[in-house]
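Input: one structure, supplied below.
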Amino acid sequence: MQFVDTINRSRSAQLFEEAKKYFPGGVNSPVRAFKSVSGPPLFIKEGQGCRFTDEDDNTFIDFCCSWGPLILGHNNARIREQVLETVSRGTSFGTPTKLGNQLGKLIIENNRYIDKIRFVSSGTEAVMSAIRLARGITGKSKVIKFEGCYHGHVDSLLVKAGSGLVTFGVSTSAGIPESFAKETLVLPLDDRALLDQTLQEHGHDIACIIIEPVPANNGLLLQDKSFLECLRKKCHKYGVLLLFDEVISGFRVGFEGAAGHYDIQPDIITYGKIIGGGMPVGAYGGSHEVMSHIAPDGPVYQAGTLSANPVAMAAGHAALQQLLEPGFYERLEAKTRKFVAGIRQYADEKGYEMQVQQIASIFWIAFSRDKIVRASQIDPQSMDKFKILHHELLQRGVYLGPSGYEVGFVSAAHAESDLEEAAGKMKEALDIVFNSQA
Ligand SMILES: *Cc1c(COP(=O)(O)O)cnc(C)c1O
């Protein structure tokens with residue numbers, strides 16, 4: 001398949017060549033390099049609402065939304081005003097600020113699943129700290145994670161399942177000692193028998209089970225509520241803490257995230273992405289008792305020079321306030337459903353071998369009709385089709401995250417008319433995907 005651009009990407013291409021002189025692979029986060037899709041990555045210079053514009057002045061309807069944080073779209077007026085207001089008084093003090101209290105209060109008062117929260121600066125940092133907390137509380141060292149869930153680039157979680165029956169992790173990155181990887185047991189999602197067996201054998205060594213309750217980093221692997229309830233029950237039974245990694249699902253599938261959506265009480269919850277309104281913020285929270293183990297109250301150390309940075313706190317507060325407006329999530333979900341339904345209907349009429357998964361304002365296109373609830377059920381070959389889809393959408397002014405394993409996000413700034421426009425382009429692109437493969 002030849003990928004020919006009808007859009008001009010020459011400035012992006014030039015900037016990418018320059019960036020390669022400064023950054024490994026020309027980027028500061030690997031997927032941005034467009035390795036799985038065609039052409040150089042777009043260098044974006046500005047965003048407004050549901051659209052952004054690259055250095056060649058191409059404008060795209062954006063469904064990547066900075067990988068999830070921008071639930072209000074680009075350059076939201078209230079976030080911008082609060083950030084400018086705050087930054088005019090300084091960028092960082094290394095002291096507590098009223099702005100931190102303000103965001104903490106807004107979250108705690110509107111979330112029944114945590115009593116206390118600690119702000120950090122990224123999702124990875126939140127997860128890393130939460131794992132330490134779980135180990136500190138239980139005095140145990142091993143962690144269970146699930147294949148197909150991503151938890152940031154925490155050493156002990158950059159692991160995949162070993163071959164055969166052995167579930168001890170094998171690192172997926174150089175630089176991670178096997179002894180670290182061995183502290184993690186990796187299980188397939190939705191396999192209750194294996195979960196049970198693993199807990200029986202290793203429960204006495206296991207500090208926590210970590211899961212993305214809405215797994216959205218390796219396709220959208222929607223789980224049965226009963227599987228999550230089963231985790232909750234088993235954790236109680238074996239004295240293991242349940243850690244919901246809600247860095248994507250938090251404030252996305254509802255203000256109370258997946259915990260609220262499924263009404264399941266985890267022991268620790270991590271947040272990131274939306275919580276900072278587009279600024280670098282992560283957080284983890286739990287009950288008074290759980291959080292009392294964190295320094296300076298308790299023995300589990302965790303700190304950060306720029307934690308609860310005032311500008312970031314102001315952005316987060318301005319964002320989350322808007323999410324609490326009545327009907328916010330209902331409107332966003334209704335729009336997303338309509339968008340997805342249109343694409344599904346078209347694909348069905350044409351007999352295209354694909355499906356569109358959706359929850360709240362998250363969607364994912366898979367080029368298969370089989371039920372997909374585990375990472376292993378995704379066909380790597382189908383990513384060839386995604387590559388064509390991505391390319392054809394770019395030519396038509398629609399931007400998806402540059403990998404078929406990434407989900408799409410609809411924001412409040414995507415008007416129905418924008419979604420209709422995007423759906424029309426999606427249909428054209430799908431025609432090309434399926435006809436060029438025939
Ligand atoms: C994005 C993500 C992370 C990592 O967050 P960063 O801010 O990129 O460090 C961790 N867990 C989940 C579920 C995520 O989606």
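Both counts, for ligands and for their atoms, begin at 1 and track the order of listing. Worth saying up front: this structure is predicted, and the values here are computed from it rather than measured.
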Exercise. Do any nitrogen or oxygen atoms of G123 come within less than 3.5 Å of a nitrogen or oxygen of ligand 1?
Worked result: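 There is such a contact, yes.
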For this session: Show which atoms of ligand 1 fall inside a sub-4.0 Å distance from at least one heavy-atom site of S122.
Result: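 Heavy-atom distances to S122 below 4.0 Å select 7 (O), 9 (O).
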Problem set entry | Atom indices of ligand 1, in the order listed, that fall short of 4.0 Å to a heavy atom of D245 |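 This gives 10 (C), 11 (N), 12 (C), 13 (C) as the contact atoms.
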Problem set entry | Basic-acidic side-chain contact under 4.0 Å: E81, R78 |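 Result for this pair is no, no salt bridge flagged.
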Exercise. What atoms of ligand 1 come within less than 4.0 Å of a heavy atom belonging to V247?
Worked result: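 Those atoms are 1 (C), 2 (C), 3 (C), 5 (O), 10 (C), 11 (N), 12 (C), 13 (C), 14 (C).
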Exercise. Which of the atoms in ligand 1, numbered in the order shown and given with their element, are less than 4.0 Å from a heavy-atom of Y150?
Worked result: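 So the atoms of ligand 1 that pass are 11 (N), 12 (C), 13 (C).
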Problem set entry | Validation row, ring centre F34 to ring centre F16 under 6.0 Å |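 Ring centres of F16 and F34 not closer than 6.0 Å.
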Exercise. Looking only at heavy atoms, what is the nearest atom pair of Y329 and R252, with distance?
Worked result: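 Taking every non-hydrogen atom into account, CE2-O, 3.6 Å.
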Exercise. Do the charged groups of D56 and K45 touch, with an N to O distance under 4.0 Å?
Worked result: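 No.
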Problem set entry | Trace of the ring-ring contact (aromatic ring centres under 6.0 Å, His included) decision for F328 with F255 | CA-CA 10 Å; F328 176 88; F255 196 88; 9.7 Å; no
For this session: Give yes or no for whether the N/O distance cutoff of 3.5 Å, strictly under, is met between K273 and ligand 1.
Result: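 Yes: some nitrogen or oxygen of K273 is under 3.5 Å from one in ligand 1.
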Problem set entry | Ring centers of F63, F339 separated by less than 6.0 Å |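 Yes: the rings meet the under 6.0 Å criterion.
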Exercise. Is it the side chain, the backbone, both or neither of E212 that has a heavy atom closer than 4.0 Å to ligand 1?
Worked result: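 Looking at E212 and ligand 1, just side chain atoms fall under 4.0 Å.
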Exercise. If we only count N/O pairs under 3.5 Å, is T124 in contact with ligand 1?
Worked result: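 In this structure, T124 places an N or O atom under 3.5 Å from an N or O of ligand 1.
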Problem set entry | Proximal atoms of ligand 1 relative to H151 (non-hydrogen, under 4.0 Å) |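 Those of ligand 1 that fall under 4.0 Å from H151 are 10 (C), 11 (N).
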Exercise. Looking just at side-chain N and O atoms, do T336 and E333 make a donor-acceptor pair shorter than 3.5 Å?
Worked result: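 Result is no, nothing qualifies.
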Problem set entry | Per-atom contacts, ligand 1 versus N217 - under 4.0 Å to a heavy atom |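 Matching atoms, with element in brackets: 12 (C), 13 (C), 14 (C), 15 (O).
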